[in-house]
Amino acid sequence: MPEPIKITFLGTGAAIPSLRRRPAAILLHYGSDYFLMDCGEGTQIQMQKARISPMKLNAILITHWHADHFAGLLPLIETLHLSRRKDPLKVYGPEASRFIDALVEMSYWGIGFRVIPEDCGEEEIEKLIETETYTIYSIKVKHSVPSVGYCFEEKDHWNIDMKKAEKFGLKGKILREIKERGQVKVEDKIIKLEQIAEKKKGRKIVYSGDTEICKRLLEFSKEADILIHDGTFVEIPEENRPHASAVEVARLAKKYKIKQLIITHISRRYMNEKEVHDAVKKVFKDTIIAKDMMKIVLK
Ligand SMILES: [Zn+2]
């Protein structure tokens, strides 16, 4: 059975935080793996509120180096140092080496574990992490500085129908073998995996980071289970503001058959998000306006 995908919105505000919305940070939890996407100011406090230990983090994925997306990084790293983390921690992002080296340098004591920068965003789409069950990609997006979005994509998996398996006399260890090889040979007879199992499509979660409307990201997000997208403005963005309009994102989410759209990076001008909510819902009903500490679980 696939693991649930749990997403915790630690910060859903835009450049200037408010008492209701902290700067950007989203935690994705799958099985025993924890990924933090962006780490705005105060992220570690939000993690404490959400009762998620930063010691569990497998990696941090920074979309771009604007302070509202990374200013919580050094304090978080120092907390890990004081908590005696020994495992290395990879931090992904465009030009990650430049920024991580500078941050670690700023720490007066030095850091007692390896913080490993992983540059991404040179290519349009890059595969960053791959395990047996999922893959994480970066997708180059359109912002005022080098920026990426991230995609967590679960691999397709097979659910074995035990009744069917029994009919073929398959049980125990051989079930693992048929899953791995796609078929097994029993008494000179070949049994294929599809005869006893049903293929279940892996789920896909995409986070845009800050971006204007970006066709590449939307195409990559096609039929995604969840698209978490910048919606700094309700309607058309003001000049020179490289962010997306929530209404336009909603229109495109519908076109690209996104199952659930979540608008985040909400400007403090919308103290009452009803305005954003009403405008967006009219266009695409499967939209949620993110809130700090909101938790979404895909079972
Ligand atoms: Zn930005």
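Just so you know, ligand 1 is whichever comes first in the structure, and atom 1 is the first atom listed for that ligand. Residue numbers count from 1 along this sequence.
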Quiz prompt | Test log, rule ring pair (Phe, Tyr, Trp, His ring centres under 6.0 Å), inputs Tyr137 and Tyr150 | solution = CA-CA 6 Å; Tyr137 300 89; Tyr150 291 106; over 10 Å; no

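Below 30°, between 30° and 60°, or above 60°: for Phe35 and Tyr134 the angle between ring planes is above 60°, a perpendicular geometry. Relative ring orientation between His143 and His64 is described as perpendicular, the plane-to-plane angle rising above 60° on a 0-90° scale split at 30° and 60°.
The nearest pair of heavy atoms linking Lys281 to Thr287 is CE-O, 3.2 Å. Glu223 and Ile258 get closest at one heavy-atom pair: N-CD1, 4.4 Å.
Here the protein contributes His64 NE2, His66 ND1, His143 NE2, Asp210 OD2 as N, O or S atoms under 2.8 Å from the Zn ion (ligand 1).
Between His229 and His243, the gap from one ring centroid to the other reaches at least 6.0 Å.
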